[in-house]
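Inspection log for the structure reproduced underneath, given as structure tokens.
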Amino acid sequence: MPNLRDIRRRIKSVQSTQQITKAMKMVAAAKLRRAQEAILHARPYAAKMLEVLNSLATRVDRERHPLLAERPERTVRLVVITADRGLCGGFNTNIIRYASGVLARKERESGSLALDAVGRKGRDFFRKRRFTVDRQWVGIFHKVRYEHADEIARHLSGLYTRGEVDAVYLVYNEFKSAISQKVVLERLLPISALVFETPTVIPDYLYEPTDRELFETLLPRHVTFQVYRALLESAAAEHGARMAAMEGATKNAKEMIENLTLYANRVRQAAITKELIEVVSGAQALG
Amino acid sequence: MTFELPKKIVLSVVTPERNVVLEEVDEVLLPGSEGYLGVLPGHTPLLTSLKIGEIKYRQGERVRFLAVSWGFAEVLPNKVTLLADLAEHPEEIDVVSAREAKERAEKMLRDPEADFRAAQAALEQALVRIQVAAKAAQAPR
């Protein structure tokens, strides 16, 4: 017969765990809101950037820029964007599993392979498995800043223009909604995602300096912005995932407490019944 | 047919992190890559990249400043859109950290190993921030 006191202690422990998960859920919800705002704030910039790039792209010979040059993909750099912290459901695992798949495939095809890691979880995983983690950025998800994206983009553009890699891919969690994330693989370099559509009206601009130079200074910014966007998406997705995970944990704790309480009552009742039987049969024996 | 020139310009300054300014103004002074340029309503369409520097804009008698780092501006007759990596109002600038950045940059400039251009840009940025911050102290609105 299990000890009643042990069961009660167990209930207490589950209750305090529940308190923690509940608090974490609330914190994640607040952070999610901020992360979503950051995505919204980035939108006007993105829109204008794309508009200007488009209008410039119609005027210049865009094939010549080094960041646009397509080469056969012999060496590929994979940037794995995970969270710094755990306790967010399948968030990190999904990314890592996907990235491992890509790495295995690339390894069979070419052989030369290294990766960069943004976020502690991904770095730790791949470092433990003896992958070469070339560069790492850890601890930036506390607050995602444009400067971080700039630093990462500079590093990647450098690799690409020096010809050390032939393509750069990002793997990250895309923020779909507060409760769902999607792992995406996105090619960062060479730049392909530009929507080179003809803008409806191109004002007859004066250009300072020339249109060509402007285009060339804008492209690196575009890369930086893509990195920034991926970081923001990942941050929002992380908070969403953590919120959902903690919600689930809180619910499980509640269920567990209910079951344990039921069990405790049953044990208590059994003990009372047993005592009663003992008293009654004792009295009978005497009589 | 006569052309009616617009009376005001809508100035919008955006960084990836936030919208800094969205206001109707009478005049804007920008640090263009080929030198400072003043924009009045009715300016001819212009695309220009920006240097690290200060932006000055005027609404009637009220003059305000912004410190900006790299960016570019689209000028249209009635609208100026400015995209910058960083744009700060004078009162937002942390002068202490700007001074520290200045000292760091100066140290880097003396170090032959360091990236000279990055150091120069950092120094320039720090100087502009200090300068713009001082303007807030001088002329409170």
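The sequence lines fix the lettering, A, B, ..., with proteins before strands; numbering per chain opens at 1.
Of the listed residues (A:Leu206, A:Ile39, A:Leu232, A:Leu40), the one with the most heavy-atom contacts under 4.5 Å to chain B is A:Leu206. For the options B:Asp85, B:Leu86, B:Thr44, heavy-atom pairs under 4.5 Å to chain A are most numerous at B:Asp85. Most heavy-atom pairs under 4.5 Å with chain A, from the set B:Thr48, B:Leu83, B:Val14: that is B:Leu83. The choice from A:Ala38, A:Ala46, A:Pro44, A:Ala149 that makes the most heavy-atom pairs within less than 4.5 Å of chain B is A:Pro44. Contact tally against chain B (heavy-atom pairs below 4.5 Å) for A:Asp150, A:Thr224, A:Leu218: the top residue is A:Leu218.
With a 4.5 Å cut-off on non-hydrogen atoms, B:Thr15 touches chain A through its backbone but not through its side chain. Contacts between A:Arg145 and chain B at a heavy-atom distance below 4.5 Å involve backbone atoms as well as side-chain atoms. Contacts of B:Ser49 with chain A are made by both backbone and side-chain atoms, with heavy-atom separations under 4.5 Å. Looking at B:Ala84, only its backbone comes within 4.5 Å of chain A, counting heavy atoms on both sides.
Salt bridge annotation for A:Lys48-A:Glu51: present, with a cationic side-chain nitrogen under 4.0 angstrom from a carboxylate oxygen. Salt bridge annotation for A:Arg77-A:Asp166: absent, with no cationic side-chain nitrogen under 4.0 angstrom from a carboxylate oxygen.
A pairwise comparison of heavy atoms in A:Gly163 and A:Arg71 identifies CA-NH2, 3.8 Å as the closest pair.
Classification of the A:Tyr146-A:Phe225 ring pair by plane angle, with boundaries at 30° and 60°, yields tilted.
Judged by distance alone, with hydrogens and angles left aside, the side-chain atoms of A:Ser234 form no donor-acceptor pair with the main-chain N or O of A:Ala230 at under 3.5 Å.
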Would you please test B:Val68 and B:Val20 for side-chain contact (heavy atoms from CB on, under 4.5 Å) and show each step? CA-CA 11 Å; B:Val68 291; B:Val20 186; over 6 Å; no
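B:Glu17 and A:Tyr45 are not linked by any side-chain donor-acceptor pair at a separation below 3.5 angstrom, with hydrogens and angles left out of the test.
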